[in-house]
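Atom set for the values below is all heavy atoms of this structure, side chains included, hydrogens, waters and symmetry mates excluded. Whatever order the structure lists ligands and atoms in, that order sets their numbers, starting from 1.
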Amino acid sequence: MNLFDRLVAWSLPAVPKPIVGMVSKKYIAGETRDDMVRTVRALNDEGARATVDVLGEDTTERAQAEETVVEYERAIEAIVEHDLDCNVSIKLTALGLIIDPSLCRDHVERIVAAAKPHGMFVRFDMEDSSVTTRTLDLVRSVRREHENVGPVLQAYLRRSADDARELLSGPTPNVRLCKGIYREPEEVAFQGREEVRDSYRSLLRTFLESGAYVGIATHDAPLLEHALALVSELGLSGDRYEFQMLLGVIPQVRRELIEAGHGLRVYVPYGKAWYGYSIRRLRENPKIAGYVFKSMFTGS
Ligand SMILES: Cc1cc2nc3c(=O)[nH]c(=O)nc-3n(C[C@H](O)[C@H](O)[C@H](O)COP(=O)(O)OP(=O)(O)OC[C@H]3O[C@@H](n4cnc5c(N)ncnc54)[C@H](O)[C@@H]3O)c2cc1C
């Protein structure tokens, strides 16, 4: 990202909410469950699987955390009722981690219990490094009783190689591997593009060679090429990995991967709390952030 793009990305919070909403529409299914069902149905028709995220994070109110759990329970019912190829992704801070860890655990148990009878998987999204240890500990603890859960590792974190070793010392993990999206300090996370890619490549090899199921969550062309070469080198079948992409990001590559016979899951966020998620997506894409500013000044 050049200096101008960085400036644009960092000024995003000053942009009026309706304009952010207009531009970020492509990244979000909508505000309602019906919007989610429609989006997932269209993805399934295209040959893609989905994972649904009820938008929300850093919840400080018990009532809001409760609302999020209820919405997940209803989302699971809707996925089953509409026979969708879809699971759910949860964020612990949306489920009350900051309010009370035991409340959060109860909320997680409810969601996992709702998903389990349908053979549905629950992915624990990974948030910023202040909650990495707590998130991994909770996944490990829930995994002792329920097989249908798994974590995310972020390749930019310096600790991830150790976390991978720890994960692999337990029951065979189902892990999503991504680069990581939060701003983290130098001591905690690699900052260079190539350093992060090297870490991603190394973690991917470690997991795939060790028998883990991996959600290869990236849109980065060199990493996708590397992953495809690795899958072929190790002779892996589709029950050992899938590619994962975000709704609204490079859909043509997603279609190419599906056509080539690879499993592909799309991350589908929906709900009223769309603002934080949208700002993170727009920061990743300064070209789009530039359009946001243009529309602010020109009204176009
Ligand atoms: C399914 C999925 C789940 C994720 N879960 C988490 C999580 O739990 N925790 C976490 O910290 N991060 C998560 N992420 C985000 C991830 O960490 C990265 O921030 C994000 O995927 C961008 O990294 P990249 O590997 O795609 O590479 P990049 O180098 O950032 O992107 C590669 C290319 O993809 C395209 N692209 C990327 N982002 C956008 C965008 N917003 N708009 C348009 N084009 C874009 C561009 O063409 C870009 O050149 C997830 C990502 C995916 C795909």
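- Counting heavy atoms from C-beta outward, Val152 and Thr135 have side chains that stay 4.5 Å or more apart.
- Atoms of ligand 1 found under 4.0 Å from any heavy atom of Gly180, numbered from 1 in the order shown, are 11 (O), 16 (C), 17 (O), 19 (O).
- With hydrogens and angles left out, the side-chain atoms of Arg176 and Thr51 include no donor and acceptor closer than 3.5 Å.
- Under a cutoff of 6.0 Å and an axis angle of 45°, Lys25 and Trp274 do not form a cation-pi pair.
- Among the atoms of Lys26, none of the N or O lies under 3.5 angstrom from an N or O of ligand 1.
- Of all the atoms in ligand 1, the ones that sit under 4.0 Å from a non-hydrogen atom of Tyr182 are 11 (O).
- Taking every non-hydrogen atom of Arg281 and a distance limit under 4.0 Å, the qualifying atoms of ligand 1 come out as 15 (C), 41 (N).
- With a 4.0 Å heavy-atom cut-off, ligand 1 is reached by the backbone of Met245 but not by any atom from C-beta on.
- Between the side chains of Asp35 and Thr32, at least one donor-acceptor pair of N or O atoms lies under 3.5 Å.
- Every atom of ligand 1 is numbered from 1 in the order shown, and the set under 4.0 Å from a heavy atom of Asp125 is 8 (O).
- Residue Thr218 has at least one heavy-atom neighbour below 4.0 Å for each of these atoms of ligand 1: 24 (P), 25 (O), 26 (O).
- Considering Leu264, Thr135, Ile250, Leu223 only, the shortest heavy-atom separation from atom 47 (O) of ligand 1 involves Ile250.
- Side chain of Tyr72 to main chain of Val54: a donor-acceptor pair is present (N/O by atom type, distance under 3.5 Å, no hydrogens or angles).
- For ligand 1, the polar-atom distance check finds no N/O of Leu246 at less than 3.5 Å from any of the ligand's N/O atoms.
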Could you check Tyr270 against Asp53 for side-chain contact (heavy atoms from CB on, under 4.5 Å), going step by step and ending with a plain yes or no? CA-CA 6 Å; Tyr270 81 97; Asp53 166 43; over 6 Å; no
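- At a 4.0 Å cut-off, at least one heavy atom of Tyr27 sits close enough to ligand 1 to count as contact.
- Within the structure, the closest approach of Arg176 to ligand 1 falls below 4.0 Å when heavy atoms are considered.
- Counting heavy atoms from C-beta on, the side chains of Glu166 and Leu136 never come closer than 4.5 Å.
- Between Met126 and ligand 1, a contact under 3.5 Å exists for at least one N or O pair.
- Counting only N and O atoms by type, the side chains of Asp128 and Ser130 include a donor and acceptor under 3.5 Å apart.
- Between Ala217 and ligand 1, not a single N/O pair is under 3.5 Å apart.
- Rounding to the nearest 0.5 Å gives a distance of 9.5 Å between CG of Leu95 and CG of Leu138.
- Counting heavy atoms closer than 4.0 Å to ligand 1, residue Ile181 contributes atoms from both its backbone and its side chain.
- Both tests pass for Arg281 against the ring of Tyr277: distance under 6.0 Å to the centre and angle within 45° of the axis.
- Looking at Arg265, Arg280, Arg193, Gln154, it is Gln154 that brings a heavy atom closest to atom 11 (O) of ligand 1.
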